[in-house]
Amino acid sequence: MSLAAPAGWPDPATLVEAIRSRDRSAIAEALNVLDDRRPGARACAAGLTARLAALPAPGAHVIGITGPPGSGKSSLAAALLGVWREAGRTVGVLAIDPSSPRTGGALLGDRLRMLRPDGDEAVFIRSLASRGELGGLSPEAGPMSLVMAAAFDVVVVETVGIGQSETDVSELADTTCCVVQPASGDTVQFLKSGIMEVPDLFAVSKADLGALAERTARELQGSIPGRPEGEWTAGVTLVSARSGAGVAELARAFGSHRAWLDAGGKVGERRRRHQARWVSRRLREEFGSQGVERLGGAEGLVAELLREHGPPLTRHEELRRRALSLYAGSEGEHP
Amino acid sequence: MRAFTRLWDRICLERYGVEDPKLRRFRYGVQVNSLGLTEAQPENNVQRIVLETLGVTLSRDARARAIQLPAWNEALGLPRPWDQQWALRIQQVIAFETDLLEYGDLFDGSPVVAAKTDDLMRGARAELERVEQMGGMVLAVESGYVKRELVRSHMERLRAIERGDITIVGLNRFQETAESPLTAHAEGAFLKVDHLAEREQIERLGAFRARRSPGEVAGALRTLADAARSADNIMPASIRCAHAGVTTGEWGDTLRGIFGEYRAPTGIDISTRVDGARDREQMLVERVRKTGAEVGRPLKMLVGKPGLDGHSNGAEQIAVKARDAGFEVVYDGIRLTPRQIAAAALEEGVHVVGLSVLSGSHMDLVREILEEMRARGLGATPVVVGGIIPAEDVGPLRAMGVSAVYTPKDADLNRILGEIVDVVRSSRGLSSFGTLA
């Protein structure tokens, strides 16, 4: 399988080297290529993704922050950004906002709150529109987070919504945090109805509201299912982006979760599982459930990808070709 | 203003229990706004300014204590001393050539004025009630509600002008005009900023700083920082700073270092009414979609507001309109540096950058942004500029590399967005769509 870029597109190997040295133009270019639907770009993106997935497990901590609109996610992300920068860590952010279903237009306003002092080159923020995945993630968020992870110490993927999007963001993050604002009983009820297990951490925002915030935190804490010894149990942190209270504590909680993953050798496993599911999802988008069935079924595919040694993403292009050949009867034909 | 004055009186009495009616009198100064001034047939702005002035002077019970009027040419450029003098003379003519000041309130007893006043008060009370329910004004500002309502109301006004529901003489009606001797002059009809002025000012500042005692300055700034970190009043420390010759820049930087910088909500996250598929709008949306498909992803635009002027209406309206046309829009609010804007253009991978400058410093700011963009390898990303841009600066801006320039006379947002789509297309080697029919 050739991973060379077609003419006119950047060479993936060169691009990956530049990304790893935190070359900002290379990071921007890689993100643009991953976002680009043209056939040449898709081929380049496949090569790029495979190479990024094959990198020795980057030390980066990929963090997902999600929660309902208005819960204070981007203010919180901005406050965390301050804590990480003070500790000398570099940060990449993917901030996702909803698109209008009518026109496809979107206002991407999250970087406003994360504005850094002039010339802080250790932070890189890319805003993305959800593009039809209502409230969820665009499928490119996964590969894009790999670009960020190759360049920065901390990668934040921030996405609006509750429900599907929690599950989505947890499918690309090492650690997922759900932000809940005080007095949002509906949200807590909704979480209890089945996705309470998904987030690794909860943050109750606007802690400066006092008793209201504390009550919501208690309510959440009471609903977290108990876990067996040695398993991770999600905690609840009260935070105020306005006063800064609890922000350093939350940053430490992220660190603890990552340390727990590391101690059990779970990061690699988690990422492999995420990648396998991503590949299976992408194949389904492209070839439909029938196509996936012909490749061995979604579960069979994931199991096959996890059985093998290499990172599942590196197999995506090969599986695509296999699927194409099943349909076209001619190996290697490119759409 | 009668409604405002009456409301103020009631609230002072009812909410704060102020018994003395004299203490409940609303005493205000006013800077008559320049929002309604036009670039087209700018001489008509004089009538507009006079009418607005009458609005805050005719009623004795609601009369302004101090008035500052805009100059007739503020939609063209910065006013010259003579333009400002004209604005001042308007006030003086009203004050000294009429007998307005000799009478009591002219509107007392008018049922029409009373009904209008009641109506306005009812509306204002309903709004106050809404803000109260949000937890007060501070929370209403922080949540973005206040700014959103401002953006929405301005947007509705612009669209009504576009539709012709509101008449603006010279802009959307009676556009025909004889050549104006006021603007025909070779040297232009507004203030030229002397480019030496900036250097002279910097030299003066340098000389001032050199005269200070560095020890006193450092000590005063330390005291300021200590006060800001504790719960102390920062006023005494600020006064000490002033005596030591601390500049406002140093004072502000010290406080910013401790409190951070407030980024106000931009208010552009409003939902807009879908009033049927009007042809031009539909055509614009289609062009944006088609171009996005051709360049591989949806069109993405950065709306940048560099420099220190806070006139954000233009940037906000373009951002909302672009979103409605199907663009993915990044807008980071006002007062950004050229480096911040160029860095955002790179990080966000945008297809076009739109800059809005109304401070008169467009030449320097645009030059710096283009340089910063080129330094980041973004020389091929097109830049368009809008604002108070004198006609004679358009050529030099284009020569610098700017793809299009828009001024207040360009009131047709569909046309502007259509042209921006073509700017993106030509930067990508695609054929232009041409004028939006």
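Lettering of chains follows the sequences in order, A, B, ..., and the numbering in each one begins at 1.
In terms of modelled atom types and a separation under 3.5 Å, the side chain of A:R113 and the main chain of B:R263 share no donor-acceptor contact. Between the side chain of B:E348 and the backbone N or O of A:S127 there is at least one donor-acceptor pair closer than 3.5 Å. Distance alone, capped at 3.5 Å, is enough to place a donor-acceptor pair between the B:E347 side chain and the A:I125 backbone.
Distance CG/A:D120 to CD/B:Q340: 10.5 Å, rounded to 0.5 Å. Separating the CG atom in A:L108 from the NZ atom in B:K300 is a distance of 6.0 Å, to the nearest 0.5 Å.
Heavy-atom pairs under 4.5 Å with chain A peak, among B:A293, B:G296, B:G135, B:G144, at B:G296. Chain A forms more heavy-atom pairs under 4.5 Å with one residue of B:T337, B:V330, B:T266, B:V295 than with any other, namely B:V295. Annotation: maximal heavy-atom pairing with chain B below 4.5 Å, among A:G70, A:G104, A:G82, occurs at A:G104. The candidate from A:S25, A:G109, A:S100 with the greatest count of non-hydrogen atom pairs under 4.5 Å with chain B is A:S25. Most heavy-atom pairs under 4.5 Å with chain A: of the set B:G377, B:A344, B:A343, B:A319, this distinction falls to B:A344. Contact count against chain A (heavy-atom pairs under 4.5 Å) is highest for B:P298 among B:G333, B:A264, B:P298.
Across all non-hydrogen atoms, the minimal contact from B:I268 to A:L107 is O-CD1, 2.8 Å. In plain terms, the two heavy atoms of A:R126 and B:L346 that are nearest each other are NH2-O, 4.0 Å. A pairwise comparison of heavy atoms in A:T103 and B:V285 identifies CG2-CG2, 4.2 Å as the closest pair.
Heavy atoms of B:L139 lying under 4.5 Å from chain A belong exclusively to its side chain. Of the two parts of B:R376, the backbone and the side chain both hold a non-hydrogen atom closer than 4.5 Å to a non-hydrogen atom of chain A. If you measure heavy-atom distances from B:L299 to chain A, you find no contacts under 4.5 Å at all. Looking at A:E121, the atoms closer than 4.5 Å to chain B (heavy atoms on both sides) all sit in the side chain, from C-beta outward. For A:V123, the part lying under 4.5 angstrom from a heavy atom of chain B is the backbone only.
Atom CD1 of B:I202 is surrounded by more than 12 heavy atoms from other residues, nucleotides or ligands within 6.0 Å.
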Inset, instruction - Would you sort out whether A:R38 and B:E294 count as a side-chain contact (heavy atoms from CB on, under 4.5 Å), showing the intermediate values? - result: CA-CA 8 Å; A:R38 287 173 293 180; B:E294 284 174 82; over 6 Å; no
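Under 4.0 Å is where a charged nitrogen must lie from a carboxylate oxygen, and between B:R297 and A:D36 no such pair does.
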